[in-house]
Each structure stands twice: as C-alpha cells, then as structure tokens.
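Along the sequence shown, residues carry numbers from 1.
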Amino acid sequence: MKRIIQYGLLTLFVACLAAVGVLYWIGTRDDVAPSPAIAQAGAESAVAGQQLIEQGRYLARLGNCMGCHTVPGGQTYAGGTPIPTPFGTLYGPNITPDPQAGIGAWTADDFWQALHNGKSKDGSLLYPAFPYTEYTRVSRADSDALFAFLRTVTPSSQPSRAHGLKFPYDQRGLLAFWRALYFEPGVLPEDEGQSAQWNRGRYLVEGLGHCAACHAPRNSLGATRAADGLTGGMIAGLDWYAPSLTADPVRGLGKWTAQDIAALLRTGMAQHSTASGPMAEVVLGSSQYLSEADALAMGTYLKSLPPTQSSLDVSSNNQSDAAAQPSNAVMDRGGKLYAQHCAQCHQDQGQGSGLAWPPLAGNPTVTAPSPINAIRLVLDGAYAPATAANPRPHGMPPFGQVLGDNDIAALISFIRFSWDNRASAVTAFEVKRVRDASR
C-alpha cells in the first residue's frame, strides 16, 4: 500500500510539472494570442494615452510654451529664454522631463499646482512672468494633457538660469503681498447665456492663450488692470504697443469680423492689418496651429468685448485733440513723402492692395495711441510671419537709412491723420528715441 501511495504522489508531481511546462510554453509562444478582452483593453489604453499626448502637443503650441522655454537654436523646452521686464530680466526655466534640471520629478498634481496656483513643486511662489494669472483658468484635464506631452520631450540636463531681478524684486517672499492684491485662482465657469463657441473662445483667450499678457494695460507693479480688459498697452521690456482687442471702432477690432480675426491668427494676414513685431512671433510659433474652429471661437469672443468710451468719443466727433494734430506744413511734407515712398504699395487713399500690402486707413497699428509700432516698421521694415497658409510673405523695406528723423515723423504723422485716421502727430524726438534704442 505504501508503494502504491508513493507511486501515486510521484505521478501527481510529474503531472503538475507537465502542466506548468505547458503553460510556460504557451506563454512564450508568439503565435498564441492573449485574451481578446485584455488585448482590447491594452490597445484602447495605448490609443487614449497617445490622444492625450497629442492634445497636450496642441495645447503647448496654443500657449506658445516654446516662446519662453526655448532659446533660438537651443534644445526644445530646455529654458534660458530672457524675458525682459521693468524689474529686471527673468529666464524661462527648463521644463523637459530631466529629473534634476527639469520637471522629471514632478507629478501631474505638481504641474497643476504651477498652472493653477502659481506655485512650484516645493511650494515656492512663481513670478507672474509665468502667466499663471491667466493659466489658472486652464482646466485640470487640459493641464494633465499638457503635462503628458511634456513628459515625452527629450530630457535636457541644462540647468535653469537664475533670474536677474533688481532689489527688492528679487525677494521672492514679497510675491505673497503681490498675489494678495492681484491674483485669485479659479477656473472659468461656463456662461450659460452664451453659445458654446463664445465660451470656447473666452476659455482660449483668457486662459492658455494669455492674450492679456500683452494686450492689457499694467500698473506700476506689473499687474494687469482687470477693469480695463484687453484695451491695449505697451509691452514691458519689448518697446512695442499691443493694440486693443475690443470692438473699439478706431483703435481696436470694431471694423473686423470674427473671420478676419481668425484669419490673422492662422495666417498672419487679414484685410485690415498684418501681424508684425511680437505678434508675428506669436503667429509663427503658436496661433497658426489653431484649428479653424478654435480660431473662429477666439474671434467670436473678441468681437463681443465692448469698445472703450474714449474711442467712441473720437469716432463720433471725428477729430482728435487740436494740440496733437499735425500742422498743415507737416501734412504737406508727409503727403509728398507718402506719394514718393508708400503709395505704390498702399495706394493713394491708404486702402492697400490685397493681403500682401495691408491698408493704412483704419489699421489699428497706425491708429494706436502710441505711434511706436509705426515708427519701428518705417525704420526697420517688416515681414509678415511665414506660415503654412502664407509660406512666402511679402515684406516692407526699411526706410531708416533713406529718411531722417524729421521726414519719418512727418510721414507717419500724415498717415496717422489722413483719410479717416485721427491719431496724434509724431515728433522727430520720438523717432530718434526709437532709432537709438534699436542700434
């Protein structure tokens, strides 16, 4: 009996070994498919992960993240881009997934804290040159998608460059007082009284698009004045004027359609103006990648912003302050210079010629409260951004070596006060200041 039991146990042990061997053989065979349910779940998860990354890639372009986190010729998102401000120079940090130099040790929660609350992984307060004042409106889902994309970029061990701020602005602890005055985190709720398109446009303009970073006036502490909205203002550190994005009929987008705005965002050109200066860089690196639906949504929202009372007054009176009007002598001199150097492209009445040569009549760059953009364009010339829709844009030649300060002042004064334009005169001193600054 004992031998029978031993034989039975041995037989059972051998059978178990055989079963294990069969299972191992099946598991290592390439031609044996896994469970259909498991395979489908894995495939769906991979597709969802890739979709999240692609969504994040789109959002990174919309937010123009490369603009502040990539130096020309440098590794993508490795940081080092100088951001000039009245308080000193800040530098975009490394946001690659390097665990030491970048954000490789961050979690999705850490990234959300930076966008939504303006705080780094260790809880330190971020300077608002990183526009968390607008990014706080980004949804958690979009934040996670953006983080998922950044996890896929090539890591860089390049350390983030230390900021060069003046005292006392280099004391990070003082940001707590600034935030108490000017920052309140919060995601935008849907406005049920508006269309889905309008709500999408507001989300993009006021959130990741952070249009207020350039197009809203700022106070002496660098905070945007919420009550003024997107009424335009000087871009600190760049010496360009960002025009009003409201439905202002004189200095803004009052004569534009939502389609015109969408066209400028995606191509750099529209029937009323052409993107130049910092806006050309935005179109080149960011807004040209907008989907047609998103670009039109942004145009729809911007068209709903009310104009400023000052521009309504100018439009109704059809005249500016007499002290700011150019004299008859200046207008005569400027008119002759315009006929000689400008009319061939921009036409006798400033109406322009197609999209290649934009109109000067009613052009927000021309009628802006500050003439600095017009001065820069006449001095240095300009090209529209080369976009997928307009890969070979026409350009305007520089006239800084052909015309002196007095001539340029007269020419721009003529343009700013001719046809239906009613903007202030330009002085030779203003031209000289811009010329000297660009040397």
ask   = Is there a donor-acceptor contact under 3.5 Å from the side chain of Thr81 to the main chain of Thr70?
value = yes

request  = Applying side chain to side chain donor-acceptor pair (under 3.5 Å), run through Asn363 and Ser273 and close with a yes or a no.
outcome  = CA-CA 6 Å; Asn363 189 317; Ser273 189; 3.2 Å; yes

message = Contact between Phe147 and Trp112 at the side-chain level, heavy atoms closer than 4.5 Å - yes or no?
response = no

key: Atom of Leu305, atom of Leu245 and distance for their closest heavy-atom approach   = CD1-O, 4.0 Å

message = Using side-chain heavy atoms (C-beta onward) and a distance below 4.5 Å, is Val283 in contact with Leu265?
response = no

task = Determine whether Leu146 and Phe111 make a side-chain contact, defined as any pair of heavy atoms from C-beta on separated by less than 4.5 Å.
result = yes

task = For the pair Asn373 (side chain) and Tyr241 (backbone), establish whether a donor and an acceptor sit closer than 3.5 Å, ignoring hydrogens and angles.
result = yes

inquiry  = For Asp294, run the salt bridge (Lys or Arg N to Asp or Glu O under 4.0 Å) check against Arg266, Arg61, Arg200 and tell me which one passes.
reply    = Arg200

ask   = Salt bridge between Asp380 and Arg435, side-chain N to carboxylate O under 4.0 Å?
value = no

Rounded distance [0.5 Å steps], OG1 in Thr89 versus CG in Leu165 = 8.0 Å

ask   = Any side-chain heavy atom of Leu188 sitting closer than 4.5 Å to one from Glu206?
value = yes

Nearest-0.5 Å distance that lies between atom CG in Asp405 and atom CD in Glu430 = 11.5 Å

inquiry  = Applying side chain to side chain contact (heavy atoms under 4.5 Å, CB included) to Thr76 and Val153, what does each step give before you reach the verdict?
reply    = CA-CA 8 Å; Thr76 306; Val153 305; 5.6 Å; no

ask   = Would Lys255 and Asp420 satisfy salt bridge (charged side-chain N to carboxylate O under 4.0 Å, His left out), going step by step from the backbone distance to the final call?
value = CA-CA 13 Å; Lys255 298 177 182 178; Asp420 288 330; 5.3 Å; no

note = Taking every heavy atom of Leu208 against every heavy atom of His210, the minimum-distance pair comes out as O-ND1, 2.9 Å

request  = For Gln55 and Asp142, run side chain to side chain donor-acceptor pair (under 3.5 Å): C-alpha distance rounded to whole Å, both residues' side-chain angles, the deciding distance at 0.1 Å, then the answer.
outcome  = CA-CA 8 Å; Gln55 179 190 358; Asp142 279 352; 2.7 Å; yes

remark   = So CG of Leu126 and CZ of Arg172: to nearest 0.5 Å the spacing works out to 6.5 Å

message = Given 3.5 Å as the limit, does a donor-acceptor pair link the side chain of Arg137 with the main chain of Pro185, or not?
response = no

key: Contact summary for Thr231 and Ser244, nearest pair of heavy atoms   = O-CB, 3.5 Å

task = Taking Tyr383 for its side chain and Arg392 for its backbone only, find out whether a donor-acceptor pair lies under 3.5 Å.
result = no

ask   = Is it true that atom CD of Glu292 has more than 12 heavy atoms of other residues, nucleotides or ligands lying nearer than 6.0 Å?
value = no

remark   = All heavy atoms of Thr427 vs all of Ala409, minimum pair found to be C-CB, 3.6 Å

message = Other residues, nucleotides and ligands only: do more than 12 of their heavy atoms fall within 6.0 Å of NZ on Lys336?
response = no

query = Parallel under 30°, tilted from 30 to 60°, perpendicular over 60°: which one fits the rings of Tyr77 and Phe149?
reply = perpendicular

ask   = Which pair of heavy atoms, one from Pro97 and one from Arg151, lies closest together, and at what distance?
value = CG-O, 3.7 Å

message = Between Arg179 and Asn117 (side chain of the first, backbone of the second, donor and acceptor by atom type, cut-off under 3.5 Å), is there such a pair?
response = yes

request  = Find out whether Leu290 and Met298 are in side-chain contact, i.e. whether some heavy atom of one side chain is under 4.5 Å from a heavy atom of the other.
outcome  = yes

task = Measure up the Tyr338 and Phe414 rings against each other and bin them: parallel (under 30°), tilted (30 to 60°), perpendicular (over 60°).
result = tilted

query = When the aromatic ring centroids of Tyr127 and His163 are compared, is their separation below 6.0 Å?
reply = yes

inquiry  = Quick one, Val205 with Leu230, criterion side chain to side chain contact (heavy atoms under 4.5 Å, CB included). Give me CA distance, side-chain angles, the key distance, then yes/no.
reply    = CA-CA 10 Å; Val205 168; Leu230 301 176; 3.8 Å; yes

ask   = Checking ring-ring contact (aromatic ring centres under 6.0 Å, His included) for the pair Phe399/His341: CA distance, chi angles, key distance, verdict?
value = CA-CA 9 Å; Phe399 290 93; His341 297 287; 5.5 Å; yes

key: Donor-acceptor pair, side chain of Ser304 and main chain of Tyr301, under 3.5 angstrom   = yes

query = Just checking, is any N or O donor in the side chain of Thr107 or Asp109 under 3.5 Å from an acceptor N or O on the other one?
reply = no

query = Of the options Phe183, Tyr135, Tyr91, which is the one that meets Phe130 in a ring pair (Phe, Tyr, Trp, His ring centres under 6.0 Å)?
reply = Tyr135

ask   = Is there a donor-acceptor pair under 3.5 Å between the side chain of Arg416 and the backbone N or O of Ser424?
value = yes

note = Rounded to the nearest 0.5 Å, the CG atom of Asp98 sits from the CG atom of Asn94 at a distance of 6.5 Å

Greater than 12 external heavy atoms within 6.0 Å of Gln344's CD = no

request  = Please round to the nearest 0.5 Å and tell me the distance separating atom CG of Leu175 and atom OH of Tyr182.
outcome  = 12.5 Å

request  = Report the distance from atom CG of Asp228 to atom OG1 of Thr246, rounding to the nearest 0.5 Å.
outcome  = 11.0 Å

message = Taking the basic N atoms (NZ, or NE/NH1/NH2) and the acidic carboxylate oxygens, is any pair closer than 4.0 Å for Lys166 and Asp170?
response = no

ask   = How far apart are the C-alpha atoms of Arg376 and Asp239, what are their side-chain angles, what is the distance that settles it, and do they pass the side chain to side chain contact (heavy atoms under 4.5 Å, CB included) test?
value = CA-CA 10 Å; Arg376 282 184 172 277; Asp239 219 19; 3.4 Å; yes

message = Under a 3.5 Å distance rule, please check whether Gln197 uses its side chain to pair with a backbone N or O of Ser195 as donor and acceptor.
response = no

key: Lys121 side-chain N/O to Ile103 backbone N/O, donor-acceptor pair under 3.5 Å   = no

ask   = Between Arg333 and Asp407, does a salt bridge (charged side-chain N to carboxylate O under 4.0 Å, His left out) hold up when you go through it step by step?
value = CA-CA 8 Å; Arg333 182 179 184 182; Asp407 282 344; 2.6 Å; yes

inquiry  = Any heavy-atom pair between the side chains of Leu90 and Thr85 that's under 4.5 Å?
reply    = yes

Within 45° cone of Phe417 ring axis and under 6.0 Å: Arg422 NZ or CZ = yes

query = Mind checking whether Ser413 and Met331 have side chains closer than 4.5 Å, heavy atoms only?
reply = no

query = What's the verdict on ring-ring contact (aromatic ring centres under 6.0 Å, His included) for His272 and Trp256, showing C-alpha distance, side-chain angles and the deciding distance?
reply = CA-CA 7 Å; His272 299 288; Trp256 296 48; 5.4 Å; yes

query = If only atom types and distance count, is the side chain of Thr367 paired as donor or acceptor with the main-chain N or O of Val250 below 3.5 Å?
reply = yes

request  = For Ser139 and Tyr203, work out which heavy atoms get closest and say how close.
outcome  = N-OH, 3.0 Å

ask   = Leu403 versus Leu411: any side-chain heavy-atom pair under 4.5 Å?
value = yes

ask   = Does Glu54 come within less than 4.0 Å of Arg57, counting only side-chain N to carboxylate O?
value = yes

inquiry  = If only side-chain N and O atoms count, and only distance matters, is there a donor-acceptor pair under 3.5 Å linking Thr257 with Asp260?
reply    = yes

